[in-house]
Amino acid sequence: MSDDKNVFQKIGDAVVDYAPALAGVLALVPGAGAVPAAAISALGALGKSLGLGTNAKPEDVLAAVTADPEIRLKAIVAENEFKLGMREADIEELKAKLADVQSARNRQIEHEKATGKSDINLYVLAWVLVIGFFGLTGMLLYFSYEGKSITDATGTLFMLMGTMATCFGMVVGYFFGSSVGSAQKSDIITQMSKGRG
(Lines give C-alpha, C1' and ligand atoms only; values in the text may rest on other atoms or scores of the structure.)
Protein backbone atom coordinates (compact mmCIF):
# COMPACT_ATOMS: atom_id res chain seq x y z
CA MET A 1 0.00 0.00 0.00
CA SER A 2 3.01 2.30 0.35
CA ASP A 3 3.22 2.46 -3.46
CA ASP A 4 -0.43 3.59 -3.54
CA LYS A 5 0.40 6.26 -1.00
CA ASN A 6 3.22 7.49 -3.21
CA VAL A 7 0.85 7.62 -6.19
CA PHE A 8 -1.76 9.57 -4.22
CA GLN A 9 0.89 11.97 -2.94
CA LYS A 10 2.29 12.50 -6.44
CA ILE A 11 -1.18 13.26 -7.76
CA GLY A 12 -1.68 15.71 -4.90
CA ASP A 13 1.69 17.34 -5.57
CA ALA A 14 0.79 17.77 -9.25
CA VAL A 15 -2.52 19.55 -8.54
CA VAL A 16 -1.81 21.31 -5.24
CA ASP A 17 -1.43 24.74 -6.88
CA TYR A 18 -4.81 24.48 -8.64
CA ALA A 19 -6.83 22.20 -6.38
CA PRO A 20 -5.58 22.45 -2.78
CA ALA A 21 -8.62 20.70 -1.28
CA LEU A 22 -8.10 17.67 -3.52
CA ALA A 23 -4.36 17.65 -2.83
CA GLY A 24 -4.97 17.87 0.92
CA VAL A 25 -7.35 14.89 0.88
CA LEU A 26 -5.01 12.83 -1.29
CA ALA A 27 -2.07 13.59 1.00
CA LEU A 28 -3.93 12.01 3.95
CA VAL A 29 -4.11 8.54 2.40
CA PRO A 30 -2.55 6.15 4.94
CA GLY A 31 0.42 3.98 4.16
CA ALA A 32 -1.51 0.79 4.96
CA GLY A 33 -5.14 -0.17 5.19
CA ALA A 34 -8.18 1.07 3.36
CA VAL A 35 -8.18 4.30 1.37
CA PRO A 36 -10.56 6.85 2.99
CA ALA A 37 -13.85 7.55 1.21
CA ALA A 38 -12.95 11.22 0.80
CA ALA A 39 -9.75 10.28 -1.08
CA ILE A 40 -11.71 7.93 -3.35
CA SER A 41 -14.18 10.73 -4.01
CA ALA A 42 -11.37 13.21 -4.72
CA LEU A 43 -9.66 10.75 -7.07
CA GLY A 44 -13.00 10.10 -8.81
CA ALA A 45 -13.62 13.81 -9.34
CA LEU A 46 -10.14 14.26 -10.77
CA GLY A 47 -10.48 11.16 -12.97
CA LYS A 48 -13.81 12.39 -14.30
CA SER A 49 -12.42 15.81 -15.20
CA LEU A 50 -9.52 14.13 -17.03
CA GLY A 51 -11.92 11.95 -19.04
CA LEU A 52 -10.91 8.73 -17.28
CA GLY A 53 -14.18 8.23 -15.39
CA THR A 54 -14.89 8.24 -11.70
CA ASN A 55 -13.46 4.73 -11.18
CA ALA A 56 -10.03 5.43 -12.67
CA LYS A 57 -6.99 3.80 -11.08
CA PRO A 58 -4.59 6.10 -9.20
CA GLU A 59 -1.77 5.18 -11.60
CA ASP A 60 -3.87 6.18 -14.64
CA VAL A 61 -4.82 9.48 -13.01
CA LEU A 62 -1.18 10.19 -12.19
CA ALA A 63 -0.12 9.47 -15.78
CA ALA A 64 -2.84 11.76 -17.13
CA VAL A 65 -2.04 14.52 -14.64
CA THR A 66 1.64 14.57 -15.51
CA ALA A 67 1.02 14.41 -19.29
CA ASP A 68 -1.94 16.79 -19.66
CA PRO A 69 -1.04 20.40 -20.57
CA GLU A 70 -4.50 21.60 -19.49
CA ILE A 71 -4.19 20.13 -16.01
CA ARG A 72 -4.80 23.49 -14.34
CA LEU A 73 -8.30 23.92 -15.77
CA LYS A 74 -9.21 20.27 -15.27
CA ALA A 75 -7.92 20.28 -11.69
CA ILE A 76 -10.04 23.36 -10.91
CA VAL A 77 -13.10 21.64 -12.40
CA ALA A 78 -12.37 18.52 -10.32
CA GLU A 79 -11.89 20.63 -7.18
CA ASN A 80 -15.25 22.34 -7.68
CA GLU A 81 -16.99 19.03 -8.30
CA PHE A 82 -15.40 17.54 -5.19
CA LYS A 83 -16.48 20.51 -3.06
CA LEU A 84 -20.01 20.25 -4.46
CA GLY A 85 -20.11 16.57 -3.52
CA MET A 86 -18.93 17.36 0.00
CA ARG A 87 -21.55 20.13 0.28
CA GLU A 88 -24.27 17.71 -0.82
CA ALA A 89 -23.12 15.24 1.84
CA ASP A 90 -23.32 18.04 4.44
CA ILE A 91 -26.85 18.86 3.28
CA GLU A 92 -27.92 15.23 3.66
CA GLU A 93 -26.45 15.14 7.17
CA LEU A 94 -28.26 18.36 8.04
CA LYS A 95 -31.53 16.95 6.69
CA ALA A 96 -31.12 13.92 8.97
CA LYS A 97 -30.48 16.14 12.00
CA LEU A 98 -33.51 18.30 11.21
CA ALA A 99 -35.67 15.20 10.81
CA ASP A 100 -34.49 14.04 14.24
CA VAL A 101 -35.43 17.39 15.81
CA GLN A 102 -38.80 17.32 14.06
CA SER A 103 -39.37 13.78 15.34
CA ALA A 104 -38.75 14.93 18.93
CA ARG A 105 -41.15 17.84 18.47
CA ASN A 106 -43.82 15.59 16.97
CA ARG A 107 -43.47 13.14 19.87
CA GLN A 108 -44.13 15.90 22.36
CA ILE A 109 -47.10 17.24 20.36
CA GLU A 110 -48.64 13.78 19.94
CA HIS A 111 -48.21 13.03 23.65
CA GLU A 112 -49.93 16.27 24.60
CA LYS A 113 -52.77 15.62 22.12
CA ALA A 114 -53.31 12.07 23.43
CA THR A 115 -53.18 12.86 27.15
CA GLY A 116 -54.32 16.47 27.15
CA LYS A 117 -51.39 17.52 29.31
CA SER A 118 -47.67 18.15 29.05
CA ASP A 119 -45.09 15.43 29.63
CA ILE A 120 -43.87 16.32 33.14
CA ASN A 121 -40.81 14.06 32.79
CA LEU A 122 -39.46 16.30 30.03
CA TYR A 123 -39.58 19.38 32.25
CA VAL A 124 -38.26 17.60 35.35
CA LEU A 125 -35.27 16.27 33.43
CA ALA A 126 -34.63 19.68 31.87
CA TRP A 127 -34.69 21.40 35.29
CA VAL A 128 -32.41 18.79 36.84
CA LEU A 129 -29.86 19.34 34.08
CA VAL A 130 -30.07 23.15 34.29
CA ILE A 131 -29.79 23.19 38.09
CA GLY A 132 -26.95 20.66 37.97
CA PHE A 133 -25.05 22.75 35.43
CA PHE A 134 -25.38 25.99 37.37
CA GLY A 135 -24.69 24.22 40.69
CA LEU A 136 -21.45 22.71 39.39
CA THR A 137 -20.45 25.98 37.72
CA GLY A 138 -21.14 27.89 40.94
CA MET A 139 -19.09 25.42 42.96
CA LEU A 140 -16.12 25.72 40.61
CA LEU A 141 -16.38 29.53 40.63
CA TYR A 142 -16.56 29.59 44.44
CA PHE A 143 -13.41 27.50 44.81
CA SER A 144 -11.66 29.62 42.21
CA TYR A 145 -12.70 32.86 43.95
CA GLU A 146 -11.55 31.56 47.33
CA GLY A 147 -8.17 30.69 45.83
CA LYS A 148 -8.56 27.00 46.62
CA SER A 149 -6.98 24.74 44.08
CA ILE A 150 -9.17 22.11 42.49
CA THR A 151 -7.32 18.83 42.17
CA ASP A 152 -8.89 16.23 39.95
CA ALA A 153 -6.32 13.53 39.27
CA THR A 154 -8.81 11.28 37.48
CA GLY A 155 -10.37 14.07 35.39
CA THR A 156 -13.85 13.00 36.48
CA LEU A 157 -14.93 16.43 37.73
CA PHE A 158 -13.99 18.19 34.52
CA MET A 159 -15.48 15.42 32.40
CA LEU A 160 -18.71 15.87 34.39
CA MET A 161 -18.54 19.61 33.80
CA GLY A 162 -18.17 19.08 30.05
CA THR A 163 -21.11 16.68 30.03
CA MET A 164 -23.28 19.08 32.04
CA ALA A 165 -22.38 21.96 29.70
CA THR A 166 -23.35 19.84 26.69
CA CYS A 167 -26.64 18.81 28.30
CA PHE A 168 -27.38 22.41 29.28
CA GLY A 169 -26.83 23.46 25.67
CA MET A 170 -29.19 20.73 24.47
CA VAL A 171 -31.90 21.84 26.90
CA VAL A 172 -31.60 25.48 25.85
CA GLY A 173 -31.56 24.44 22.18
CA TYR A 174 -34.65 22.26 22.58
CA PHE A 175 -36.74 24.83 24.43
CA PHE A 176 -35.50 28.05 22.85
CA GLY A 177 -33.40 27.48 19.74
CA SER A 178 -34.29 24.38 17.77
CA SER A 179 -37.59 25.53 16.31
CA VAL A 180 -36.23 28.80 14.95
CA GLY A 181 -32.96 27.22 13.85
CA SER A 182 -34.74 24.30 12.21
CA ALA A 183 -36.99 26.62 10.23
CA GLN A 184 -34.01 28.70 9.07
CA LYS A 185 -32.00 25.62 8.13
CA SER A 186 -34.97 24.15 6.25
CA ASP A 187 -35.23 27.38 4.24
CA ILE A 188 -31.51 27.29 3.47
CA ILE A 189 -31.69 23.66 2.31
CA THR A 190 -34.71 24.45 0.12
CA GLN A 191 -32.95 27.41 -1.48
CA MET A 192 -29.76 25.40 -2.10
CA SER A 193 -31.76 22.52 -3.60
CA LYS A 194 -33.55 24.94 -5.96
CA GLY A 195 -30.23 26.53 -6.93
CA ARG A 196 -28.83 23.14 -8.00
CA GLY A 197 -32.01 22.13 -9.85
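- Proximity of K57 to L43: side-chain heavy atoms (C-beta onward) are nowhere separated by under 4.5 Å.
- No single ILVMFWY cluster, assembled from side-chain heavy atoms under 4.5 Å apart, contains both L129 and M159.
- Residues A21 and K83 share a closest heavy-atom pair of CB-CE, 4.1 Å.
- Heavy atoms only, all atoms of each residue included: V61 and A56 are closest at CG2-CB, 3.8 Å.
- Note: M164 CE to I131 CD1 = 10.0 Å, rounded to the nearest 0.5 Å.
- A perpendicular orientation is assigned to the rings of F134 and F168, their planes being inclined by more than 60° (bins at 30° and 60°).
- When side chains are defined from C-beta on, L157 does not count as touching M161, because their heavy atoms never get closer than 4.5 Å.
- Among residues two or more places apart in sequence or in another chain, the side-chain contact (heavy atoms from CB on, under 4.5 Å) test is passed with M86 by S41, F82.
- The main-chain N or O of L140 is never found under 3.5 Å from a side-chain atom of S144 such that the two would form a donor-acceptor pair.
- V25 and A42 make their closest contact through CG1-CB, 4.1 Å (heavy atoms, listed as atom of the first residue, atom of the second, distance).
- Going from atom OG1 of T163 over to atom CG of L136 covers 10.0 Å, rounded to the nearest 0.5 Å.
- Linking ILVMFWY residues whenever their side-chain heavy atoms come closer than 4.5 Å, directly or via other members, places L125 and V171 in the same cluster.
- Note on V128: it does not cluster hydrophobically with V172, by side-chain heavy-atom contacts below 4.5 Å among ILVMFWY residues.
- Summarising the geometry of P58 relative to I11, their closest heavy-atom pair is O-CD1, 3.4 Å, with the distance given to 0.1 Å.
- Counting heavy atoms from C-beta on, the side chains of E79 and S49 never come closer than 4.5 Å.
- Residue I40 holds its CD1 atom at 11.5 Å from OG1 of T54, rounded to the nearest 0.5 Å.
- Here K48 contributes atom NZ and N55 contributes atom CG; the two are 11.5 Å apart, rounded to the nearest 0.5 Å.
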